[in-house]
Amino acid sequence: MALRFLAEDPWERLAAIRERVPNICLQMLLRGRNAVGYTPYPDDVVQAFVAEAAATGVDIFRVFDALNDIEQMRPAIDAVLEAGAVAEGTLCYTGDLVDPAERIYTLDYYLRLAEQLVAAGAHVLAIKDMAGLLRPTAARVLVAALRKNFDAPVHVHTHDTAGGQLATLIAAAEAGADAVDAASAPLSGGTSQPNLSALVAATDHTPRATGISLAALSAMEPYWEAVRDLYAPFEAGLRAPTGAVYRHEIPGGQLTNLRQQAIALGLGAKWSQVQECYALANDLLGKPIKVTPTSKVVGDLALFIAGGDIDVAVLREHPERYDLPASVLGYLAGDLGTPPAGFAEPFRERALAGRQPSAPVTDLDPHDAAALRVDGPGRRETLSRLLFPGPWNDYTAAVAAYGNSATVPTEEFFYGLTPGQPVTITVEPGVEVIVELNDVGEPDDAGMRTLYLRVNGQPRPVSVRDTSIATVSKEARRADPGDPAQIPAGLPGLVTYTVAVGDEVRKGDRLATIEAMKMEAAVTSPHAGTVTELLHSSGVSVEVGDLLLVVTPVPVPS
């Protein structure tokens, strides 16, 4: 969030929070070997990240693996223990353990996982219910069993997408849960956590009373209401609870991001279809536990299906015909581990036929390895670059162009200056800059406008490009479905070619990569042949069905 959307250094933000609230425990999520990224990283990266996060201010690490694989969590738990912090071992929840038809995610399954987490050294057992599927009866059964069999405290986390999770938290508390997660009223409900005020009121005058003042919570609500208004464009568009979550099982933390991805890919008007495609993608992949990064895998496949209007019945039988997103191929190749129920076959075997997905990087560059061993800014920068290379590049470019924008108030950062309304920016304690926009000039032929500003009372004109001005571009050439030599784009995004005109390629060779909104897919050759035409330059944006390149097939001997 800090790098991608706010152009801020997340380490500086963490340090600032720690300085201002020194007596409150700070907790973060840690995706096992995936750290805070989407693919497994070398253990050195995970260890360095935990050490730096603990030194900067994190007290509690909620360690989880999307497939509940203890071996994927163990390096992270070991790193937390070595840093002297609190390790929460996590049971990622899915399904319905009280359903008699449940065969995989049963009570025995979760108890075996909890036993492994305790043996690995976890101080706390956390139930992580990202989609809000944990029903009150199941919560009561699971929490009671964990408290009976283990000495570790139990912490329950759920999302309120369906609107009934306050009942789940109360049931968990009555069964012996030691802690539950809730959100301030203006930020609660929907894809967020249940309402904290409602939880406090529900438990007042009971043995599980929180001791939190309802009046104090209410006094803070106007502030959080104003904050929510500022971030309204990033919301999931969920205006009311929905029981559809029990079908599509989209995690609350993903639903917002998935909608933004859909909008960026031109699928905003098809949001209902995207949700249905998520359910279909979930079924194709064997209904894995959906937590980052496996939820991203399902989401990428859903966007691929919706964006390309893919016939799911054909995809199910012949996945080898499609250039599936890289995350999907990596998952099917076992990059994230093996799901508890195993892979969906024969879908997996057919999808990987003739393909060799790039394996996750397991070796560090010697310079990076050395930087990770040294405390300080160098280690932070190296970690940010290794974990989020794209957002890190965008962040450094923004800093080079604009300096430190973290001091700009949120409203002006997102929505710009309002003419005639001065804005005070606190650069550092005791140093303030007053900026006022007086007028906006007309655009020139290059789309540049002059902004007439006053900075601390002094006039300062600034020239900026008006990105809202439409540019004229020639219509893209579309691929002819009847010509096998014409290779189309399977999803919208930025194309990067990996071949040149004249190159000879084999069937299945990578020709290009298309990337959009954290989703990447390789474009492969459907036959052996020679690249005879490239329709674009690398870095150009393409739409589904645009002609990317021409691969003339090798003539078949008569």
Side-chain angles (χ1 to χ4, degrees), residues 64-70 89-117 125-150 154-177 180-181 191 193-194 241-255 275-291 294-295 297-299 302 316 337-345 347:
F64 69 94
D65 176 70
L67 299 176
N68 282 337
D69 186 340
I70 188 66
T90 305
L91 299 81
C92 293
Y93 184 86
T94 193
D96 183 7
L97 64 81
V98 296
D99 183 350
E102 180 63 63
R103 294 291 179 267
I104 303 168
Y105 305 109
T106 63
L107 178 60
D108 285 344
Y109 165 80
Y110 290 112
L111 290 179
R112 288 196 302 271
L113 176 59
E115 184 177 14
Q116 293 175 308
L117 290 168
L125 290 173
I127 300 170
K128 181 179 176 67
D129 174 32
M130 292 298 293
L133 302 178
L134 182 63
R135 308 180 196 199
T137 301
R140 188 175 290 108
V141 170
L142 179 55
V143 171
L146 292 175
R147 297 300 286 121
K148 177 182 178 181
N149 288 277
F150 306 100
V154 176
H155 187 170
V156 178
H157 172 91
T158 188
H159 289 246
D160 203 21
T161 310
Q165 296 311 93
L166 177 61
T168 291
L169 294 189
I170 293 174
E174 291 173 346
V180 298
D181 289 347
T191 59
Q193 280 71 57
T242 172
V245 69
Y246 295 113
R247 168 162 171 73
H248 58 60
E249 300 183 358
I250 301 175
Q254 182 187 24
L255 210 149
Q275 294 178 77
E276 177 60 22
C277 287
Y278 192 100
L280 296 173
N282 181 41
D283 184 59
L284 279 174
L285 296 172
K287 296 186 177 180
I289 302 167
K290 286 163 292 299
V291 183
T294 54
S295 56
V297 173
V298 182
R316 184 186 300 275
T338 302
F343 291 101
E345 299 291 4
F347 181 82

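Model, not experiment: these values are computed from the prediction. Throughout, residue positions are numbered sequentially from 1 according to the sequence presented.
Proximity of N282 to K290: side-chain heavy atoms (C-beta onward) are separated by under 4.5 Å at one or more points. Side-chain contact between L107 and L142: present, with at least one pair of heavy atoms (C-beta onward) separated by less than 4.5 Å.
No side-chain donor-acceptor contact under 3.5 Å links H159 to the backbone of T161. Looking at E102, its side chain does come within 3.5 Å of a backbone N or O of Y105 through a donor-acceptor pair.
In this structure, D96 CG and Y246 OH are separated by 9.0 Å, a value rounded to the nearest 0.5 Å. Here the straight-line distance linking atom CG of D181 with atom CD of Q193 works out to 6.0 Å at 0.5 Å rounding. Note: I289 CD1 to E249 CD = 11.0 Å, rounded to the nearest 0.5 Å. The structure places CD1 of I70 at 13.5 Å from CZ of R112, a figure rounded to the nearest 0.5 Å. Rounding to the nearest 0.5 Å places CG of L117 at 7.5 Å from OG1 of T90.
Atom CD of E115 has 12 or fewer neighbouring heavy atoms from other residues, nucleotides or ligands inside a 6.0 Å radius.
Side-chain contact annotation: Y278 with Q254, donor-acceptor N/O pair under 3.5 Å present.
The one candidate from L133, V291, D129 that meets the side chain to side chain contact (heavy atoms under 4.5 Å, CB included) condition with T94 is L133.
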